[in-house]
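All remarks here apply to the structure that follows.
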Amino acid sequence: MSLPALGEVPAGATTVEQVVRARLSESVGGLRGSVEAALPTVAFVVWWTVTKNLRPSLLVAGAVVVVALLLRLAQRQTPRFALSSLFAVAIAAVFALRSGRAEDVFLPGILYSCGLLVLTLLTVAIRWPLVGFLLAAGNPEEPFAWRGHAGVRHLCSRLTLVLCGMYLVRVAVMLPLYLADQVGWLGVAKIALGWPLYAVAVAVMGAVLLTGRTPLDAD
């Protein structure tokens with residue numbers, strides 16, 4: 001079944017919340033994708049703690065990502081999440097090598113969270129909530145049709161505000177640690193505020209989606 005505002009609707013779905021829940025599950029890399037994102041940070045922090053040498057620490061982190069990418073390719077699985085980690089490590093390396101400061105490995109992630117915090121708040125304020133674009137991806141022929149459904153717009157705004165909260169927590173915790181040059185604690189915070197915090201955000205979003213009953217054909 002296909003609806004103008006939502007595109008292809010999963011079999012058995014009768015509410016907007018069920019459609020959005022299905023789209024969200026498609027966009028998450030699962031446990032393996034989360035491990036692939038966390039391992040480079042673990043490798044960097046451990047190597048840095050032992051050696052206090054920036055370049056070898058970055059090389060070890062990069063090697064971990066390359067191994068993950070090769071495993072994905074060998075198993076003929078999507079390399080998307082491993083490639084994302086590789087890109088993140090490359091950007092972090094550029095920042096850190098330019099300054100020579102190990103804590104700058106974490107600066108791109110902090111700036112990224114700051115940017116997403118501003119972006120998500122802005123999209124809610126102008127009534128183009130960011131989560132709505134997940135629906136657009138499932139309806140390429142009419143990517144902005146979801147905005148014509150009042151229930152969809154309201155639901156996407158609520159879910160986007162959950163993401164705002166997640167980015168706010170990341171910035172509030174990691175920025176003071178960065179300013180205090182706490183490399184070890186930055187590594188701990190990055191891991192704790194990665195998959196675990198994302199899982200909390202998904203749980204909150206899931207609660208919203210499970211309790212909502214917005215009809216698919218509502219105007």
Side-chain angles (χ1 to χ4, degrees), residues 2-10 13 15-29 33-34 37 80 84 87-88 91-92 95 106-179 186 189-190 192-219:
S2 180
L3 292 178
L6 297 171
E8 192 65 28
V9 175
T15 67
V16 170
E17 286 79 7
Q18 289 174 327
V19 176
V20 176
R21 189 162 67 244
R23 298 276 164 78
L24 286 174
S25 66
E26 293 170 0
S27 67
V28 178
S34 303
R80 176 161 59 104
S84 297
F87 179 74
I91 295 297
F95 273 70
F106 302 94
L107 183 57
I110 295 172
L111 294 176
Y112 181 69
S113 293
C114 287
L116 286 177
L117 173 59
V118 173
L119 177 63
T120 49
L121 284 173
L122 180 62
T123 62
V124 172
I126 64 175
R127 298 185 180 181
W128 282 79
L130 191 64
V131 171
F133 291 94
L134 286 175
L135 297 181
N139 188 18
E141 294 182 358
E142 297 183 80
F144 304 121
W146 58 272
R147 296 199 72 248
H149 191 301
V152 172
R153 289 198 313 273
H154 178 66
L155 174 63
C156 289
S157 291
R158 293 172 65 194
L159 295 175
T160 302
L161 286 173
V162 175
L163 294 179
C164 288
M166 181 179 70
Y167 298 130
L168 178 60
V169 170
R170 286 178 178 170
V171 173
V173 173
M174 295 193 69
L175 185 57
L177 291 173
Y178 171 78
L179 295 175
L186 277 167
K190 183 176 176 64
L193 300 179
W195 167 249
L197 181 61
Y198 185 73
V200 171
V202 168
V204 174
M205 295 169 81
V208 172
L209 293 171
L210 286 171
T211 57
R213 295 291 183 271
T214 307
L216 288 175
D217 58 356
D219 294 326

With the side chain counted from C-beta on, respond yes when [X] and [Y] share a heavy-atom pair under 4.5 Å apart, and no when they do not.
X: L175; Y: L179; value: yes
X: F95; Y: F106; value: no
X: R147; Y: R127; value: yes
X: L163; Y: M205; value: yes

Least distance between heavy atoms, [X] atom then [Y] atom:
X: R170; Y: L193; value: NE-O, 2.6 Å
X: M174; Y: I110; value: O-CD1, 3.8 Å
X: V131; Y: C156; value: CB-O, 3.9 Å
X: Y167; Y: T120; value: CE1-CG2, 3.9 Å
X: V124; Y: S157; value: CG2-O, 4.0 Å
X: T160; Y: P129; value: OG1-CB, 3.5 Å

Measuring from atom [atom1] of [X] to atom [atom2] of [Y], what distance do you get when rounded to the nearest 0.5 angstrom?
X: L130; Y: L159; atom1: CG; atom2: CG; answer: 11.0 Å
X: L119; Y: Y112; atom1: CG; atom2: OH; answer: 9.5 Å
X: L117; Y: L122; atom1: CG; atom2: CG; answer: 11.0 Å
X: L116; Y: T123; atom1: CG; atom2: OG1; answer: 10.0 Å
X: L121; Y: L168; atom1: CG; atom2: CG; answer: 8.5 Å

